[in-house]
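A short worksheet on the structure shown next.
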Amino acid sequence: MNWHAISVIYKAEMQRTRNTLLQSIASPVISTCLYFVVFGSAIGSRIQSVENVSYGVFIVPGLVMLSLLTQSISNASFGIYFPKFTGTIYEILSAPLSFFEVVLGYVGAAATKSLIIGTIILLTAGFFVDLEIQHPFWMLAFLILTCITFSLFGFIIGIWADNFEKLQLIPLLVITPLVFLGGSFYSVDMLPPLWQKISYFNPVLYLISGFRWSFFEVGDVPVGISLLSILAFLAICMAIVWWMFKTGYKLRQ
Amino acid sequence: MQPIVSIKNLSKAYSSGHQALKNINLDIQPGEILALLGPNGAGKTTLISIICGIVSPTSGTVTVDGHDIGTDYRHTRELIGLVPQELTLGAFEKVSSTLAFSRGLHGKAPDKQHIEKLLKDLSLWEKRDSILMSLSGGMKRRVLIGKALSHEPRVLFLDEPTAGVDVELRKDMWRLVNRLRESGVTIILTTHYIEEAEEIADRVGIINNGELLLVEDKNALMQKLGSKQLTVELRQPIEAIPESLKDYTLTLSEDGLQLIYQYDTRQERTGITSLMQSINSAGLILRDIHTSQSSLEDIFVNLVTEQS
């Protein structure tokens with residue numbers, strides 16, 4: 001393993017985060033606080049508890065996931081797209097690096113950043129609601145797995161995109177709707193039967209459900225299925241990145 | 001001696017259908033400086049990019065230090081440093097950090113002393129804490145060279161290193177190349193400045209339309225292909241070339257004071273001896289004689305024109 005390379009990529013990416021601290025950390029935290037104020041306090045006070053959990057508390061896992069998914073994708077996609085855009089990707093391609101080492105550096109840094117943001121959001125939530133976590137280990141496991149998997153997904157988007165519009169396309173048109181329709185702010189039981197059935201085709205539902213289970217022991221699907229779903233998505237993303245580096249897709253001419 | 005870089009039957013066709021390289025065969029010896037000359041779009045950058053791992057070959061093999069660039073890329077890429085043609089640098093990193101980054105990428109442990117020496121050698125020490133985007137074009141070019149040398153490569157590729165740089169930097173770079181050669185680094189540079197190849201290369205390769213037209217020792221090439229010109233200066237002007245000299249391909253200068261004779265060093269007989277005897281017989285009195293050899297540029301232009 002080329003540990004020196006992994007280390008310099010990771011540190012350079014984390015330095016980029018430090019250089020843009022306001023945009024990287026403050027922005028997602030502020031927007032989550034606004035969600036708490038609007039959904040938790042203003043609207044939540046008029047909504048009955050969901051599955052014996054008060055609405056303000058119920059939305060916490062969904063809100064964390066919302067930020068985690070969007071931040072993981074945007075950090076990782078930009079991290080690899082920017083060197084492609086400026087041309088400095090030549091250094092990565094001509095270095096003695098395997099695809100796995102490149103992934104460890106870039107995706108590791110993006111996932112770390114998302115993990116920091118997720119933790120800050122959870123701490124911020126503590127100021128608004130009384131939060132009890134039933135299964136802290138599982139909560140942490142879901143948090144880390146989500147950060148890694150969606151950073152990997154963002155990495156794929158960053159390689160695939162050949163302009164800034166494409167870079168925003170998937171997060172905006174696919175991820176955000178899936179997160180909003182994946183039970184971030186509600187339980188699927190609250191939907192009409194047809195929409196319930198459609199919702200089960202939404203992969204993000206499994207993610208939010210598992211994460212929510214670790215907090216309240218309630219979820220839309222069994223926690224084992226949630227775990228399997230995210231592991232399967234992780235494996236698919238890893239296979240795609242491996243293929244991209246093997247064939248040089250959008251990397252090597 | 002085992003070549004440090006060995007290219008066998010290398011071809012590259014881009015997905016657009018453009019055939020950038022056609023069956024290239026080339027061995028590069030350790031410690032030599034090879035200049036690849038060719039017009040824009042000849043395939044120079046593609047060739048370098050394949051060896052460095054940035055472009056995938058369509059067919060053929062390349063070995064560096066006896067190792068295949070595909071199957072044993074870790075070993076080959078550790079040995080290679082690349083200065084790209086474009087000023088491709090990040091924006092917000094510091095000069096010293098970007099050199100340390102490149103060193104780490106190539107698997108080398110941090111070495112502040114080496115980075116400091118490089119920065120000083122490249123006249124970048126004063127700029128070590130500057131942000132990359134604030135540097136001038138010439139300074140950026142120096143940073144790119146520093147990055148390529150940060151991991152102490154044994155083979156250095158310089159893709160048009162002096163394109164668009166001022167005379168001072170160009171001379172600086174030539175001095176650097178000489179220092180590197182003394183330390184045993186093999187250098188492959190592409191250029192379209194013939195002067196550069198003439199100044200620093202040991203061997204010259206001429207590439208055009210994806211074909212390697214020839215690779216020769218620079219001096220041998222100039223000797224082999226270069227036509228020479230003998231200028232005979234006369235004491236008294238003449239109005240026309242005397243009848244006895246009509247058999248020679250001579251031209252008379254406008255002022256009638258110079259007879260110019262073109263000859264080919266490749267020919268067994270250059271005809272100089274008999275010409276001199278004939279001039280003597282014709283009763284012409286000489287003031288001076290001198291010869292001049294065609295430059296690499298003339299050779300290059302001739303070859304490329306012949307091919308097209």
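Convention: sequence-line order gives letters A, B, ...; per-chain numbering from 1.
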Give every donor-acceptor pair under 3.5 Å between a side-chain atom in residues 141-160 of chain A and any protein atom, sequence neighbours left out.
from     : atom 1 : to       : atom 2 : distance (Å)
A:Thr146 : OG1    : A:Phe142 : O      : 2.5
A:Thr149 : OG1    : A:Leu145 : O      : 2.6
A:Ser151 : OG     : A:Ala111 : N      : 3.4
A:Ser151 : OG     : A:Cys147 : O      : 2.6

Sub-3.5 Å donor-acceptor pair from the side chain of [X] to the main-chain atoms of [Y], do we have one?
X: A:Thr70; Y: A:Ser67; answer: yes
X: B:Arg77; Y: A:Ala95; answer: yes
X: A:Asn202; Y: A:Val204; answer: yes
X: B:Ser183; Y: B:Leu180; answer: yes
X: B:Asn209; Y: B:Glu211; answer: no

B:Thr190 and B:Asp159 side chains, donor-acceptor separation under 3.5 Å: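 B:Thr190 and B:Asp159 do have a side-chain donor-acceptor pair below 3.5 Å.
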
Distance-only donor-acceptor check, side chains B:Gln85 and B:Thr45, under 3.5 Å: yes

Proximal component of A:Glu101, with respect to chain B [non-hydrogen, under 4.5 Å]: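 For A:Glu101, the side chain is the part near chain B, not the backbone.
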
Under 4.5 Å from a heavy atom of chain B, the part of A:Ser7 involved: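 The answer is neither part of A:Ser7.
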
Top of [options] for chain B proximity - count of heavy-atom pairs under 4.5 angstrom:
options: A:Arg16, A:His4, A:Arg252; answer: A:His4
options: A:Gly87, A:Ser94, A:Gly105, A:Ala12; answer: A:Ser94
options: A:Glu91, A:Gln15, A:Lys11; answer: A:Glu91
options: A:Ser98, A:Gly248, A:Pro83; answer: A:Ser98

Min side-chain heavy-atom separation A:Thr17-A:Asn75 under 4.5 Å: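 Contact flag for A:Thr17/A:Asn75 side chains = no.
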
Residue pair A:Tyr81 / A:Phe164, side-chain heavy-atom distance below 4.5 Å: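 A:Tyr81 reaches A:Phe164 side chain to side chain.
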
Stepwise salt bridge (Lys or Arg N to Asp or Glu O under 4.0 Å) check, A:Lys84 with A:Asp162: CA-CA 8 Å; A:Lys84 273 179 59 187; A:Asp162 31 36; over 6 Å; no

Chain A contact residues among residues 8-26 of chain B, heavy-atom distance under 4.5 Å: B:Lys12, B:Tyr14

Close approach to chain A in residues 86-120 of chain B, criterion heavy atom under 4.5 Å: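 So the qualifying residues are B:Thr88, B:Leu89, B:Gly90, B:Ala100, B:Phe101, B:Ser102, B:Gly104, B:Leu105, B:His106, B:Gly107, B:Lys108, B:Ala109, B:Pro110.
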
Ionic contact status for B:Glu160 with B:Lys44, cut-off 4.0 Å: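 Judged by the 4.0 Å cut-off on N to carboxylate O distance, B:Lys44 and B:Glu160 do form a salt bridge.
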
Under the salt bridge (charged side-chain N to carboxylate O under 4.0 Å, His left out) test, residues paired with B:Arg141 that sit two or more places apart: none

Interchain contact, B:Leu79 with chain A, by part (heavy-atom threshold 4.5 Å): neither

